[in-house]
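As the structure is a prediction and not an experimental result, all values here were calculated from the model.
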Amino acid sequence: MSSPAPVVRGQALSGHNRISTQALTSLAKAAAAQALGVDAQDVRADWTDDDGLLALSLVTPIGVPPLQSVVSNPARVDALGGSIWDRAVRAKESILATVSELSGSRLSRVDIRISGARISTEGRVR
């Protein structure tokens, strides 16, 4: 009886792996939720083909501090990562990198539409 050949890390094996659309969508929603300080269940994710690459479209709220706390301490906006616009721009890069790295999929872009705000009553926005 022969034993199977040892697998060397990084060795290419024949066959293929596939990640289901549902798994990829769950990953994208989790990455967006983490980047924008909301629950993954509040994020909608859709995929389209972009010349052979995947384009991710997200519709999501964004976590924000209570406005009273910002009025009393305007520096809090910078401490939380800047304006909603600045945070959304940085989130695109973070989401693209996270989804690409964890799934091995090649994404062309991430489009984000902010659909609302989720007030964080805790000490900070995620």
Side-chain angles (χ1 to χ4, degrees):
M1 184 158 128
S2 65
S3 62
V7 176
V8 177
R9 186 175 195 154
Q11 177 182 8
L13 301 175
S14 54
H16 63 272
N17 296 321
R18 292 201 178 149
I19 299 174
S20 73
T21 303
Q22 182 178 359
L24 203 53
T25 298
S26 294
L27 174 59
K29 290 170 70 170
Q34 182 178 15
L36 296 169
V38 295
D39 292 328
Q41 67 189 15
D42 293 333
V43 178
R44 283 188 321 209
D46 291 306
W47 299 95
T48 55
D49 182 326
D50 186 18
D51 288 329
L53 299 176
L54 290 172
L56 173 60
S57 262
L58 299 167
V59 178
T60 178
I62 190 169
V64 297
L67 292 180
Q68 260 186 334
S69 71
V70 173
V71 168
S72 65
N73 182 7
R76 187 155 189 219
V77 172
D78 289 333
L80 292 171
S83 69
I84 290 172
W85 178 268
D86 292 339
R87 290 176 54 209
V89 168
R90 275 194 311 281
K92 286 182 182 189
E93 297 167 14
S94 169
I95 294 163
L96 189 140
T98 299
V99 172
S100 295
E101 181 179 343
L102 294 176
S103 70
S105 299
R106 294 187 58 203
L107 277 66
S108 61
R109 68 178 193 272
V110 175
D111 299 321
I112 299 176
R113 187 174 126 223
I114 302 296
S115 62
R118 294 286 187 263
I119 307 299
S120 172
T121 56
E122 300 167 3
R124 63 182 192 62
V125 176
R126 289 185 258 172

- What is the distance from atom CG of L56 to atom CG of D111, rounded to the nearest 0.5 Å? 8.0 Å
- Message: Going by side chain to side chain contact (heavy atoms under 4.5 Å, CB included), name the residues that satisfy it together with S103, two or more places apart in sequence or in a different chain.
- Response: I19, L24, L27, V99, S105
- Message: If hydrophobic clusters are built from ILVMFWY residues whose side chains come within less than 4.5 Å, do I84 and V59 share one?
- Response: no
- Message: Among residues at least two apart in sequence or on other chains, which ones pass side chain to side chain donor-acceptor pair (under 3.5 Å) with S69?
- Response: R76
- Task: Give the other cluster members for V89, using side-chain heavy-atom distances under 4.5 Å between Ile, Leu, Val, Met, Phe, Trp and Tyr residues; answer none if it is isolated.
- Result: W85
- Message: Would you say that V64 contacts I62 through its side chain, given a criterion of any heavy-atom pair below 4.5 Å between the two side chains?
- Response: yes
- Looking only at heavy atoms, what is the nearest atom pair of S115 and P61, with distance? OG-N, 3.4 Å
- Item | Closest heavy-atom pair and its distance - P65, L80 | CG-CD1, 3.4 Å
- Item | pair I95-I112: side-chain heavy atoms closer than 4.5 Å | yes
- Contacts satisfying side chain to side chain donor-acceptor pair (under 3.5 Å) that involve residues 48-57 (not counting sequence neighbours) are D50-S108, D50-R109
- Hydrophobic clusters join Ile, Leu, Val, Met, Phe, Trp and Tyr when side-chain heavy atoms are under 4.5 Å apart, directly or via other members; which others share one with V70? V77
- Note on the structure: Taking every heavy atom of L36 against every heavy atom of R87, the minimum-distance pair comes out as O-NH2, 3.5 Å
- Task: Would you kindly confirm whether L107 and L102 end up in one hydrophobic cluster when ILVMFWY residues are joined by side chain heavy atoms under 4.5 Å apart?
- Result: yes
- Note on the structure: Smallest heavy-atom separation, R118 atom then D42 atom, equals NE-OD2, 3.5 Å
- Task: Sorted by first residue and then second, give each side chain to side chain donor-acceptor pair (under 3.5 Å) pair with at least one member in residues 24-33; sequence neighbours left out.
- Result: T25-W47
- Message: Looking at S94, is its backbone amide N or carbonyl O close enough to the side chain of T98 to form a donor-acceptor pair, meaning the two atoms are under 3.5 Å apart?
- Response: yes
